[in-house]
Protein chains: 2
Amino acid sequence: MARTQGSHSDITGPRVRAAALRLFAQHGYAAVSMRQIAREVGVQVGALYNYTPDKQALLFSLLKGHMDDLLEEWQAEQRPEAPRARLEAFVRFHIRFNLARPEAIFISYMELRNLTPENFAVIEALRKRYEGALEEILRDGQADGAFSVPDTRLASYALIAMLTGVNTWYRAGGRLSIPEVADIYWDMVRKAVSADMSGNAPR
Amino acid sequence: MARTQGSHSDITGPRVRAAALRLFAQHGYAAVSMRQIAREVGVQVGALYNYTPDKQALLFSLLKGHMDDLLEEWQAEQRPEAPRARLEAFVRFHIRFNLARPEAIFISYMELRNLTPENFAVIEALRKRYEGALEEILRDGQADGAFSVPDTRLASYALIAMLTGVNTWYRAGGRLSIPEVADIYWDMVRKAVSADMSGNAPR
DNA sequence: GCTTGATCTGAACGTATGTTCAGATAGCCT
DNA sequence: AGGCTATCTGAACATACGTTCAGATCAAGC
């Protein structure tokens, strides 16, 4: 029996995306079948093709939507002028944003290689845009003396990796709240990019 | 025709592992078929089962072998007494070791969820052992005043993520040599765990 | 109340999967 | 020289895959 109560496009569409997101994050894109997704939604597999042309487009749509959200929210964020305050805003935003959607973050890092080359290029460009924002902060701070980093490009990679790593261990309800985690990470980031005045100069 | 020249266990076994490592790293465990591995080795698919009881055991064997190498080589490393020198040794070792075997590192992070629960537990225990070594260094340094980190556990997570991230961007033949990369990362790590004397104290 | 059209079912398509195994082959040992 | 046995082939097994589509179903519009 088709079209049982509430089984409309507006309902089923988001549910398909939600089920795919959850399952891709848990088992990986290649390991999840269209039939599993259909079962999770509570429909037959054929019905999925009302909402995506194919499995690949479903993955791409999830990743693209996520990257759009990321860039949009960072644009909407309060971004101070001074590099140091701006870097702090970035650190806190990144941790808060990532911890709010762990599954999307997970597949964004794990499933890139399952995108077709064209789709991969799109996502990669968006990622570069976001990470470029961090490097720009570091360059500005380096220029005006607020920071002292040997290589802004490498430093941006290092900081992104460090911040994104939070998602691998953080569990809601643990001993630290998200703001507390952000405090601790900001402390380390702040020192890592500072001029070194501790007397522990490199060899 | 079986047993053509050079097609012995000693030869084929390692080649099976090498092909599996390469293909798993490139396409992901779930996306690689036993027939692809066999084709890469130059053998029919049935022959693979002389070298592994099943596909899962092949993945586990690769990860287990990798973790054993990691712990063994870190044990064999020169490890100074003083926390600061010891941390520097860890940073340089980690970067050097990881960049020497990017494929093994890649599947060690990406394919954990494709392990059976029993196999996962084994790998996870070994990983904890390795990462515990870093946290111990941080705790020692915190105790004797060499470091100033708000939370040694989180700091160890943060540093591991930062160091492991090198593998995502480093390409041999780029503008920086491995020791130069290690220098730059060590500079950031050193500052991140130092007492803060820059006048940029937290708010 | 009838028609229309979006939505879903149920079944089928060809292909691919991991794994098994009887039989062929060929290097090694006596 | 001839047998042994590790090794590999070739084919088969049952099952699963992504995708398609004719037809059933039901909410909405007239």
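Note that the structure is predicted; figures quoted are calculated from it, not measured. To find a chain, count down the sequence lines: A is the first, B the second, and so on, and within it residues start at 1.
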Which sits closer to the 5' end of DNA chain D, Arg35(B) or Asn50(B), going by the nucleotide each is nearest to? Asn50(B)
Integer-rounded Å distance: dC8(D) C1' and Tyr49(B) OH: 15 Å
How is Val41(B) classified with respect to the nucleic acid when contacts are heavy atoms under 4.0 Å: base, sugar-phosphate, or nothing? nothing
Protein-nucleotide distance (Arg39(B), atom CZ; dT17(C), atom C1'), rounded to Å: 13 Å
Show, in sequence, the C-alpha distance, side-chain angles and deciding distance for Glu111(A) and Arg113(B), and conclude whether the salt bridge (Lys or Arg N to Asp or Glu O under 4.0 Å) test is met. CA-CA 13 Å; Glu111(A) 306 298 352; Arg113(B) 63 180 163 186; 2.8 Å; yes
How long is the line joining OH of Tyr51(B) and P of dT9(D), in whole Å? 10 Å
Rounded to 10°, the helix from dG1(C)-dC30(D) to dT30(C)-dA1(D) deviates from straight, judged by its five-pair end axes, by 10°
Do the charged groups of Arg96(B) and Glu73(B) touch, with an N to O distance under 4.0 Å? no
Just how far, in rounded Å, is P of dA12(D) from CD of Gln44(B)? 14 Å
Can a side chain N or O of Ser33(A) be found less than 4.0 Å away from OP1 or OP2 on dC17(D)? yes
Where does the angle between the aromatic ring planes of Tyr185(B) and Trp169(B) fall among parallel (under 30°), tilted (30 to 60°) and perpendicular (over 60°)? parallel
Assert: residue with more 5' nearest nucleotide on DNA chain D, out of Ala30(A) and Ala47(B), is Ala47(B)
Which whole-number value in Å describes the distance from Arg15(B) CZ to dT7(D) P? 15 Å
Is the His66(B)-Phe106(B) ring centre distance short of 6.0 angstrom? no
Could you check how far CG of Leu48(B) sits from P of dT7(D), rounded to whole Å? 14 Å
What is the distance, rounded to the nearest whole Å, between atom CD of Gln36(A) and atom P of dA16(D)? 11 Å
Distance check needed: dT17(C) C1' versus Tyr29(B) OH, whole Å only. 12 Å
Tell me whether the side-chain N/O atoms of Thr12(B) come closer than 4.0 Å to OP1 or OP2 in dT7(D). no
What's the verdict on side-chain contact (heavy atoms from CB on, under 4.5 Å) for Leu126(B) and Arg129(B), showing C-alpha distance, side-chain angles and the deciding distance? CA-CA 5 Å; Leu126(B) 293 173; Arg129(B) 179 119 58 94; 3.8 Å; yes
From CA spacing to verdict: side-chain contact (heavy atoms from CB on, under 4.5 Å), Asp187(A), Arg190(A): CA-CA 5 Å; Asp187(A) 184 63; Arg190(A) 180 179 49 77; 2.3 Å; yes
Is it the case that the ring center of Trp74(A) lies less than 6.0 angstrom away from the ring center of Phe90(A)? yes
